[in-house]
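Here's the structure, in structure tokens; my notes come after.
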Amino acid sequence: MDKAYDHTLVEDKIYKTWEENGYFKPEINPDGAPYSIILPPPNANAPLHFGHAMYVIEDVLIRYHRMKGLATLWVPGADHAGTETQFVFEKKLKEQGKSRLDYDRDTLFQMIWDYVQENRGGMENQLRRLGFSLDWSRLKFTMDPDIVKIVYSTFEKMFDDGLVYRANRLVNYCTFDGTSFSDLEVVNEDAQGSLYEIKYPIKNTSDFITVATTRPETLFGDVAVMVSPDDSRYKDLVGKTAMIPLIDREIPIIADEHVDKEFGTGAVKVTPNHDFNDYEVAVRNKLPMGIQVIGFDGKMINTDGVVDDLYVKQARKATVEKLEEKGLLGNVVDRQMVLRKCYKCKNVLEPLPKEQWYVKMEPLAKKAIEAVKSGEIKIHPQSFDKVYFQFLENIRDWNISRQNVWGIRIPAWFCENCSNWEVKSEGAPEKCSKCDSKNLVQDIDTFDTWFSSSQWPFATLQTTKEGDYEKFYPTTVMETGYDILRWWVARMAMVGIYRTEKVPFKNVVLHGLVNDPLGKKMSKSKGNVVNPMELVDQYGADAVRFALVYGTALGNDQALSYPKLEAMRKFSNKLWNIGRFIEMNQTKNLKLKTLSIEELKEFAKNETDREWVNRVGELVEVVSKNIDDYQFHFAADSLYEFIWHQFADIYVEDVKNRIDENSFIILYSLFSILLKLLHPFMPFITEEIYQKLPQHGESIMTSSWLNNG
RNA sequence: GGACUUGUAGCUCAGUUGGUUAGAGCGCAGCAUUGACAUUGCUGAGGUCACAGGUUCGAAUCCUGUCAGGUCCACCA
């Protein structure tokens, strides 16, 4: 063995051997009980970030259970990531001076498809470089035809069950990305704005009613002015007619509970097409919805020529100026307000009326809540179950339509003759089931990516290999970052239970975020993103893996620590040199032979040796228990402290001075056991040492956790 | 407004059902060693465990409150 461990000579070579020998497949333990994890599918076209490197936790679980003899299956996959990918692709187009609007739907889709196919391999090889023992023979992509088929059948079933419906409501619409979003994709941001007072003339009088608004440009879509029912100032005006300034359209003055008489002027304009609250007010008071005055391209429409074709921001300025000219503008005061922004492009979202597909969530949520309350699904750490319940208990219906081209197209057809919607999972319907018309047009929208990913556990297992679903579903563990508990985990629970009548996973294990060395969230815009692969190059995959697990309790965020990475690199070197010490002594004609803990208890005659046999025996228990309890940092900490500061510093130093045939066999046996205990965390170096020393099996990966060999 | 989470050594963090003298890595000081160790070993300094109460034989740990950071949810136009 070389004097120092060099990971660059080891890792790729070993991974290749593992993969070629089929060690990642559950079939290597054909008689074992099933243990399964579905990898949260990374975005197919993007390189991995540190969140993905945290999947090391899954590899620890898989490798540990594989060594315990279970039939372990870890299914890799890739996500088409609709909005994300189209966003990235459009940015590329923009660099070439193009936009999505320059292409027809099919061409654009094909371009993105090619782009994603080109990039897919990169992400997959990065998962390999991290040493993840994924069964690549079962690799799935969210756009595989068999997956799409399942997604379609779920949609059709939901439609038939009345859980999917089409409704014309206000949606969160991004006029830059050209699509609507669900409530989860809205980012609320505090901002400084202005509250404008605007005078609305009262019909047939010279009086005004003054409303306060942050959005003067939407007044063209007003359908009423409202006041609080118990506001004495306006009592006489309720029931009268006001005139919308600049266009002199007549609207009623109404009273509604929604109004806070202390706020602003106590009078509010009602614009149902451009404000969520106003929409509800209109429904409640049976008011008309009025006209849409902001288009889907972000430009004003239907303003009787006053500000038509101006973008919202310009329109606001222009409207205020025109109001001022006419003497209809009152005070303008600064106002702290909340802007609802697009999570992706950070522009302000417009509430706009649009017909979309919705999933009725309440019945689904009920069962998902029950699954956790009954303990059928366990969340680790448990404190996150509150977030889960909070989301599901207050859930609103889910808008699953996206106007992205990149995505799974919704299998719904509109009858242009009778306005009926046909939903068919297996190909276009020949004719309308209501009126027999053949004039059917498919919805151009695609599914929210999370709609397909909500089906991932059963969709993958139903399409990997014959018998997988029966054997491995429900999966044992779903491990992911806590940041997508609501986006993904809760939705998988709901849709999984709906489709399979079983929970999709028995345990949810949530890890924290990896922040930059200063503890700040890594983000491209801040420019503080560290590529995990560079650290793998520098420190080795084992050191990176161990550093991510060591010293951080499950579910807690961690700051990336270079000193810790360096410490773990040194730890691997320490391990290497214990191996080297053994190898060197072996050349002094000492026999290498490995015994199990039980055998060693018989074999060890002197008291010191017996004590160390017992201590290693205890460590086996501690590490096993901590992995069983998802307390990975305890396991890692115990291993680090014992191997270095007990085994190497004390035991090896002691044996050194009294080495003989028997003590050497004990030393070597104990070391072999330590290598195995460490293997789930540091797979490459433990394999390399294991194979450098004789009397071992062909791979530590497939060796037994408790029995030696 | 509601919820969650964090506050422990100079820095980054562990601290498991409350239980001797509160730990690790890095950093710092001193000594030793070229050995299995591109080093390592030994010794040491460094902590009012955010603050204030309370429960207890005993609190970093449990309870209440305060302060500070972070995150999420819901929000008055």
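Chain letters run A, B, ... following the sequence lines, proteins first, then strands; residues in each count from 1. Basis for what follows: all heavy atoms, side chains included, without hydrogens, waters or symmetry-related copies.
Take the nearest nucleotide of RNA chain B for A/L518 and for A/V652: the residue whose nucleotide is more 5' is A/L518. Sequence order on RNA chain B of the closest nucleotides to A/G579 and A/F384 puts A/F384 first from the 5' end.
OP1 or OP2 of B/C73 has at least one side-chain nitrogen or oxygen of A/R486 nearer than 4.0 Å. Here A/N573 reaches the OP1 or OP2 of B/A38: one of its side-chain N or O atoms lies under 4.0 Å away. Distances shorter than 4.0 Å separate none of the side-chain N or O atoms of A/R340 from OP1 or OP2 on B/C75. Side-chain nitrogen and oxygen atoms of A/W644 include none within less than 4.0 Å of the OP1 or OP2 phosphate oxygen of B/A24.
Nucleotides B/U56 and B/U64 are separated by 16 Å at their C1' atoms, to the nearest Å. Taking the C1' atom of each, B/C57 and B/A32 are spaced 46 Å apart, rounded to whole Å.
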Pair pattern of RNA chain B in dot-bracket, where unpaired bases get dots and | marks partners in another strand, Watson-Crick or G-U under 3.5 angstrom: (((((((..((((.....[...)))).(((((.......))))).....(((((..]....))))))))))))....

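For the ring-ring contact (aromatic ring centres under 6.0 Å, His included) with A/W487, the qualifying choice from A/F391, A/W450, A/F181 is A/W450, the only one to do so.
Heavy-atom minimum distance, A/H7 versus A/V536: NE2-O, 3.5 Å. Nearest approach of A/L9 to A/D2, heavy atoms of both residues: CD1-OD2, 4.5 Å.
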Restricting both atoms to N or O, compile the protein contacts to nucleotides 13-20 of chain B shorter than 3.5 Å, with distance only.
unit_1, atom_1, unit_2, atom_2, d
B/C13, O3', A/G551, O, 3.4
B/C13, O2', A/G551, O, 2.1
B/A14, OP1, A/N556, ND2, 3.0
B/A14, O5', A/G551, O, 3.2
B/A14, O3', A/H633, NE2, 3.2
B/G15, OP1, A/H633, NE2, 3.0

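Within residues 219-234 of chain A, no residue approaches RNA chain B, by heavy-atom distance under 4.0 Å.
Applying the 3.5 Å distance criterion, the base of B/A36 shares a donor-acceptor pair with the side chain of A/K656.
Under 4.0 Å is where a charged nitrogen must lie from a carboxylate oxygen, and between A/R569 and A/E566 at least one such pair does.
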